[in-house]
Number of protein chains: 2
Amino acid sequence: MEMATDIFRDLCQKHGIAMTHQRQVLFETLQSMYGHPSPEDVYVRVKEKVPAISLATVYKNIHLFVDSGLLREVSVHHGTLRVETNQHPHHHLICSECNQITDIDQGELGFTPGRTKLANGFKVERYAVDVIGICPQCQAKQTN
Amino acid sequence: MEMATDIFRDLCQKHGIAMTHQRQVLFETLQSMYGHPSPEDVYVRVKEKVPAISLATVYKNIHLFVDSGLLREVSVHHGTLRVETNQHPHHHLICSECNQITDIDQGELGFTPGRTKLANGFKVERYAVDVIGICPQCQAKQTN
DNA sequence: TTGACGGACGATAATAATTATCGTTCAATA
DNA sequence: TATTGAACGATAATTATTATCGTCCGTCAA
Ligand SMILES: [Mn+2]
Ligand SMILES: [Mn+2]
Ligand SMILES: [Zn+2]
Ligand SMILES: [Zn+2]
């Protein structure tokens with residue numbers, strides 16, 4: 001039987017990152033959390049186990065985990081406020097490599113988001129679909 | 001024939017906000033812009049017409065426009081980094097009133113986002129659907 | 001047309017979130 | 001177990017955004 005540390009060590013190896021005590025506690029803490037916590041939220045929880053940890057370390061490792069595919073962040077969008085200038089109903093292509101956002105018309109999606117009321121009583125105003133993937137330019141770069 | 005100022009005045013009246021010169025220029029500048037500009041981007045452009053305008057005014061009025069439904073922002077998500085703790089494929093309900101984010105399983109959506117390659121050569125990794133509307137709690141508050 | 005008044009403006013200080021820097025410590029591996 | 005580069009913690013710096021506040025202007029009633 002393999003202990004937790006060895007399991008996490010393997011996971012790190014698989015993703016090509018070094019294993020540290022802080023990373024293990026951070027990752028396991030996240031697995032025990034619910035919802036969509038902020039780095040600060042995570043920091044508070046991790047500190048219970050590793051009181052000396054720095055908030056900067058939490059930020060650095062969340063980004064490391066996201067970049068190496070161990071974790072996912074909620075929104076891939078720009079971290080800053082952006083105004084929509086396209087008035088027509090449309091959705092977005094988001095390149096996970098360069099974060100470029102491109103408009104795409106509803107018709108080109110290949111499916112149609114419905115407009116019904118959902119089971120739990122949530123009143124739907126509209127659907128916003130993000131198609132996440134790799135843009136043509138970044139595909140070209142990768143094939144070099 | 002009605003001039004631009006009168007048209008914008010009517011628009012403001014319809015949305016219950018006061019008409020000012022700065023607001024008119026800001027709004028018309030935005031209509032002439034393409035894509036998903038940041039407040040700073042907009043500020044630079046508006047300054048060409050109203051050199052004395054303050055960046056704070058741009059922020060204040062973008063928010064005013066968004067709140068009164070004249071404009072839309074690209075992402076309704078939290079303005080800060082959030083970690084996804086739910087490993088299962090799922091989407092999000094976002095309340096436009098309180099900004100609460102709730103997970104929703106793909107099956108409950110009522111339609112299935114496809115996984116094909118899109119026309120323009122964009123390579124799809126996954127779909128992230130945001131259902132934007134009013135959560136049950138906020139609906140209750142509104143009915144008071 | 002003219003005040004009066006409340007809201008909007010501009011300047012700028014303050015705050016919040018995130019990132020950079022740097023000296024110290026630790027994990028990998030030979 | 002010694003070496004070494006990467007990771008850590010403390011903290012300064014940066015960036016984006018918001019709050020404050022005195023002045024100015026748009027609205028509306030007279
Ligand atoms: Mn768009
Ligand atoms: Mn989620
Ligand atoms: Zn790209
Ligand atoms: Zn709500």
Side-chain angles (χ1 to χ4, degrees), chain A residues 4-27 29 36-44 46-68 70-71 73-83 99, chain B residues 5-6 8-27 29 36-44 46-68 70-71 73-83 99:
Chain A
T5 299
D6 295 323
I7 295 175
F8 185 68
R9 188 186 305 278
D10 289 350
L11 191 62
C12 286
Q13 213 146 43
K14 197 176 309 175
H15 287 265
I17 68 178
M19 189 272 193
T20 71
H21 179 57
Q22 286 88 339
R23 284 178 187 169
Q24 183 182 352
V25 174
L26 176 59
F27 189 75
T29 299
H36 310 102
S38 68
E40 186 72 38
D41 294 336
V42 179
Y43 173 60
V44 168
V46 170
K47 250 170 80 157
E48 295 168 7
K49 297 281 176 62
V50 185
I53 201 170
S54 165
L55 178 58
T57 298
V58 172
Y59 269 99
K60 283 184 279 201
N61 285 318
I62 286 176
H63 284 135
L64 180 74
F65 288 160
V66 168
D67 291 345
S68 57
L70 230 70
L71 273 190
E73 58 181 309
V74 176
S75 177
V76 198
H77 289 172
H78 290 113
T80 70
L81 174 62
R82 297 303 174 111
V83 183
N99 288 322
Chain B
T5 299
D6 295 324
F8 185 67
R9 188 185 306 276
D10 289 351
L11 191 62
C12 287
Q13 212 146 43
K14 197 175 305 173
H15 287 265
I17 66 178
M19 189 273 193
T20 72
H21 179 58
Q22 286 87 340
R23 284 178 188 169
Q24 183 182 351
V25 174
L26 176 58
F27 189 74
T29 299
H36 310 103
S38 68
E40 186 72 37
D41 294 335
V42 179
Y43 173 59
V44 168
V46 171
K47 250 169 80 156
E48 296 168 7
K49 297 282 177 62
V50 186
I53 202 170
S54 166
L55 179 57
T57 299
V58 172
Y59 269 99
K60 282 183 279 200
N61 284 318
I62 287 176
H63 284 135
L64 180 74
F65 288 160
V66 169
D67 291 346
S68 57
L70 230 68
L71 274 190
E73 58 181 309
V74 176
S75 177
V76 198
H77 290 169
H78 289 113
T80 72
L81 174 62
R82 297 304 175 109
V83 184
N99 289 320

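First the proteins, then the strands, lettered A, B, ... as listed; each starts at 1.
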(request) Give B/E40 one of three labels, base, sugar-phosphate or nothing, depending on what nucleic acid heavy atoms sit under 4.0 Å from its own. (result)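 Here B/E40 touches no strand at all.
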(message) Taking any heavy-atom pair under 4.0 Å as a contact, classify B/A52: base, sugar-phosphate, or nothing.
(response)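 Answer is sugar-phosphate: B/A52 comes under 4.0 Å of backbone atoms only.
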Under 4.5 Å between any side-chain heavy atoms of [X] and [Y], yes or no?
X: A/E40; Y: B/T80; value: no
X: B/L26; Y: B/Q22; value: no
X: A/R9; Y: A/T5; value: yes
X: B/F27; Y: B/L11; value: yes

(message) Return whichever of A/L55 or A/L64 has its heavy-atom-nearest nucleotide of DNA chain D closer to the 5' end.
(response)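 Final value for this comparison: A/L64.
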(request) By nearest nucleotide on DNA chain D, pick out whichever of A/N61 and B/P39 is the more 5' one. (result)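 Checking each residue's closest nucleotide, the 5'-ward one belongs to A/N61.
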Please report the distance, rounded to the nearest Å, between [atom1] in [X] and [atom2] in [N].
X: A/K47; N: D/dG9; atom1: NZ; atom2: P; value: 11 Å
X: B/K60; N: C/dG7; atom1: NZ; atom2: C1'; value: 11 Å
X: B/H21; N: D/dG26; atom1: NE2; atom2: C1'; value: 14 Å
X: B/R23; N: C/dG10; atom1: CZ; atom2: P; value: 11 Å
X: B/L81; N: C/dA16; atom1: CG; atom2: C1'; value: 14 Å
X: A/Q22; N: D/dA6; atom1: CD; atom2: C1'; value: 12 Å
X: A/D41; N: C/dA17; atom1: CG; atom2: P; value: 10 Å
X: A/Y43; N: D/dG9; atom1: OH; atom2: P; value: 9 Å

Is the distance from OP1 or OP2 of [N] to the nearest side-chain N or O of [X] less than 4.0 Å?
X: B/T20; N: C/dC9; result: yes
X: A/T57; N: D/dG9; result: yes
X: A/Q13; N: C/dA28; result: no
X: A/H63; N: C/dT19; result: yes

(message) As a test of reading the structure: which of D/dA16, D/dT11, C/dG10 is closest to the side chain of A/T80, going by heavy atoms?
(response)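 Looking only at heavy atoms from C-beta outward on A/T80, the closest nucleotide is D/dA16.
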(message) Has A/R23 got a side-chain atom pairing as donor or acceptor with A/N61's backbone, closer than 3.5 angstrom?
(response)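 Here the side-chain-to-backbone pair does not exist.
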(request) Using heavy atoms to find the nearest nucleotide of DNA chain C for A/R9 and A/Y59 separately, return the residue whose nucleotide is more 5′. (result)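 The residue closer to the strand's 5' end, by nearest nucleotide, is A/Y59.
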(message) On DNA chain C, does the nearest nucleotide to B/R82 precede the nearest nucleotide to B/A56 from the 5' side, or the other way round? Give the residue.
(response)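 In this pair, the answer is B/A56.
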